[in-house]
Number of protein chains: 2
Amino acid sequence: MTSRRRAEFPSPCRTALDESLEPELFQALCDPVRLSLVAHLAASGRALTVTEASQCCGIHFSGVSRHLALLKRAGVVRAEKHGREVHYRLEVGALTSTLRGLADALEACWDEGQRARA
Amino acid sequence: MTSRRRAEFPSPCRTALDESLEPELFQALCDPVRLSLVAHLAASGRALTVTEASQCCGIHFSGVSRHLALLKRAGVVRAEKHGREVHYRLEVGALTSTLRGLADALEACWDEGQRARA
DNA sequence: AGTAGACTTGCGCAGATATGCAAATATTAG
DNA sequence: CTAATATTTGCATATCTGCGCAAGTCTACT
């Protein structure tokens, strides 16, 4: 069975793309409050406590706590407990390489698809 | 008024970050069906009709039509009407540069924040 | 004109999500 | 040990979202 049919089956770039498109990350970033938190964390250049983070968005800190927990589950932030406060730090490296990896995977797939059509 | 206080006010990189973090894109990409559509469009390397696109995800084509319309509003895809069918094409260029721009903005803000703390 | 095909849109429903408040759980300070 | 502080979690509510179906548009074909 050669490549008579145009790849509808796992081409390597398609696999890479599917991995990059894991919904968790985007679900984590699809809320405006969470985006504010990410921006705030990025701009601070350090870890923030829940109370500090709460100041960037007009909602109750319990909500912020939930949002940060969600961002943590998605791998966007990292939590470090210091005494009675929890410091949330943006995972800049992981986040940026995921985003760039996604851009690369999109381009690779698109190019391959176009080449296959030529 | 010099920089005695650590920038809580519009630093250029923070402005760039806020622009990159527009919620629309992430809201568009936060749904698993829409992610499948994006992957399918990317892998196809061409424009797909609604009916074609519907084949990648197990839902009714009216839902797919809505999803594609939403992706269009977010600038993820482009619609071209040809006769009675509508061809949706992934905006690869725009998408990849947005993603890379976001990664750059995150890094820039983080680095600036760290330098300010030093 | 009339029919068939491709897509969009109105509607109602079911499930998910965000939010505030209050109570529970640490952990530090006195 | 008790009080105070920081965070998480249970609960109720309000809102949003995705879905299928059916009806409506628009275009092509005969």
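Not measured: the values here are computed from a predicted model. To find a chain, count down the sequence lines: A is the first, B the second, and so on, and within it residues start at 1.
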Set of residues satisfying side-chain contact (heavy atoms from CB on, under 4.5 Å) with respect to A:Ser97, sequence neighbours excluded: none
Atom pair distance, as rounded to whole Å: CD in A:Glu52 and P in D:dT5: 17 Å
Separation of D:dT17 P from B:Gln27 CD (nearest whole Å): 7 Å
Nucleotide nearest A:Val50 (side chain, heavy atoms from C-beta), chosen from D:dT8, C:dT8, D:dG18: D:dT8
Heavy-atom neighbours of A:Glu24 CD exceed 12 at 6.0 Å: no
Distance test, side-chain N/O of A:Tyr88 to OP1/OP2 of D:dA6, below 4.0 Å: no
Separation of atom CG in A:Leu29 from atom P in C:dT17, rounded to whole Å: 15 Å
Those residues of residues 70-81 of chain A lying under 4.0 Å from DNA chain C by at least one heavy atom: A:Lys81
Contact list for DNA chain C against residues 35-42 of chain B - heavy-atom distance below 4.0 Å: none
Residue list, ring-ring contact (aromatic ring centres under 6.0 Å, His included) with A:His87, at least two apart or on another chain: A:His82
Salt bridge (charged side-chain N to carboxylate O under 4.0 Å, His left out) pairs, two or more places apart, involving residues 69-86 of chain A: A:Glu80-A:Arg89
Pairs where residues 55-68 of chain B contributes a residue and the test side-chain hydrogen bond (donor to acceptor under 3.5 Å, both in side chains) is met, not counting sequence neighbours: B:Arg34-B:His67, B:His60-B:Ser62
B:Val33 reachable from B:Leu68 in the ILVMFWY side-chain graph, under 4.5 Å edges: yes
List the atom pairs, donor and acceptor, that lie under 3.5 Å between side-chain atoms in residues 35-42 of chain A and the rest of the protein, sequence neighbours left out.
{"from": "A:Ser36", "atom 1": "OG", "to": "A:Pro32", "atom 2": "O", "distance (Å)": "3.1"}

Along DNA chain C (nearest heavy atom to each residue), the more 5'-positioned of B:Val86 and A:Gly83: B:Val86
Salt bridge (Lys or Arg N to Asp or Glu O under 4.0 Å) against B:Asp111, all qualifying residues, sequence neighbours excluded: none
CG on A:Leu102 to OG1 on B:Thr96, rounded to 0.5 Å: 9.5 Å
Residue pairs fulfilling salt bridge (charged side-chain N to carboxylate O under 4.0 Å, His left out) with at least one residue in residues 91-104 of chain B, sequence neighbours excluded: A:Arg100-B:Asp104, A:Asp104-B:Arg100, A:Glu107-B:Arg100
Length of the line joining B:Glu24:CD and D:dC16:P, which is rounded to integer Å: 16 Å
Contacting residues from residues 58-66 of chain B, given that a heavy atom lies under 4.0 angstrom of DNA chain C: B:Phe61, B:Ser62, B:Ser65, B:Arg66
Point-to-point distance, once rounded to the nearest 0.5 Å, from CD of B:Gln114 to OG of A:Ser44: 9.0 Å
Distance, rounded to the nearest Å, where A:Asp31 contributes CG and D:dC16 contributes C1': 12 Å
Below 4.0 Å: OP1/OP2 of D:dT8 and any side-chain N or O of A:Arg84: no
Atom pair distance, as rounded to whole Å: CG in A:Leu68 and P in D:dT9: 12 Å
Side chain of A:His67 (C-beta onward), nearest among C:dT19, D:dT8, C:dT8: C:dT19
